[in-house]
Amino acid sequence: MPKYIDIHAHTNFKAFEEDRDAVIKRALDNDTFVINIGTQYDTSKKAVEMTNEYSEGVYATIGLHPIHTDASYHDVEELGEEGKEFVSRGEIFDKDKYKTLTKLGKVVGVGECGLDYYHMNADTVANQKVAFIGQIELASELGLPLMLHIRNNEEDLTTNAYRDTLEILKKHNDTFSAGAENVSHDKNLKNKTRGVVHFFAGTLENARAFIDFGFYISFAGVITYPPKKNDPRKINYEEIIRELPLDRIMADTDSPYVAPVPHRGKRNEPVYVKEIVAKIAEIKGLEKEKVAAQIVLNIKNLFKV
Ligand SMILES: [Zn+2]
């Protein structure tokens, strides 16, 4: 059993092209397993292929990020120069195409998927929802957990991506007979959804609603930063982490983005997940080793890594 598992990294991205293998080895040498996350078809395929390059400790999820349901978004860290290694496109989620990827390597989840109101415009939200529902169905068919990406619009406080995401998930589970895990009105749907919200940035109330629904909450490097001044949504990570039960908490780096202190400002990488775990332990006033062990146990429960 590893000491740490980074449940959400993108070492499959362009940002790691030069030293991908060294980054992964650094994680494995430091007793840290890695789950690489797909954000569209190309990056999902890359993540799956990478799982075959290591005998253990490297896993993948396959999915379509809500921002990639719209063609306007292109991140050079993710995809490189336009049109070179990965292609940016307004992708329509094709369940069967993604399903074939599960045969090519160690796929442990579906996503990242969900709703992103930060990058939204009115008609793209409809596309995001269609892609999200397709991925819930894929996860249900395959019996895999969901890796959720949920991001609020910081300005428009009337919208709430957490509330809307949960509503869609509940609708899916409602298609199952009362209390049954695997008796759905739709014969293709074999399992109720399970999953984790990565890079949690909602309220305590949002977190509790997901936990009550059976999901896990994962925290990223921002929890090591001083609280943002003038944050319209006033996210209080210390309070949220203090209040949530430890057996529902995970940690993720979202590499190459948002490196935790003391690496803030640098390219993030999976081995830094230990800084996030240490911060969770500090906030909870618990021993670091104990918190690390419980988080690994939580991850094994959900992802079967
Ligand atoms: Zn991500």
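Keep in mind that the numbers below use all heavy atoms, side chains included, and drop hydrogens, waters and symmetry copies. Remember, it's 1-based here, ligands and their atoms both numbered in the order they're listed.
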(request) Evaluate the ring planes of H8 and H10, with Trp represented by its six-membered ring, and classify them as parallel (under 30°), tilted (30 to 60°) or perpendicular (over 60°). (result) perpendicular
(message) Measuring only between side-chain heavy atoms, which start at C-beta, is Y4 closer than 4.5 Å to I295?
(response) no
(message) Using 2.8 Å as the threshold, say whether any N, O or S atom from H198 sits that close to the Zn ion (ligand 1).
(response) no
(message) Over 60° means perpendicular and under 30° means parallel, so tell me whether H68 and H65 are parallel, tilted or perpendicular.
(response) perpendicular
(request) On the 0 to 90° scale, with breaks at 30° and 60°, tag the H198-H149 ring pair as parallel, tilted or perpendicular. (result) tilted
(message) Looking at the Zn ion (ligand 1), is there an N, O or S atom belonging to H10 that lies under 2.8 Å away from it?
(response) yes
(request) Tell me which N, O or S atom of E112 sits nearest to the Zn ion (ligand 1). (result) OE2
(request) Kindly give the atom name of the N, O or S atom of D254 closest to the Zn ion (ligand 1). (result) OD1
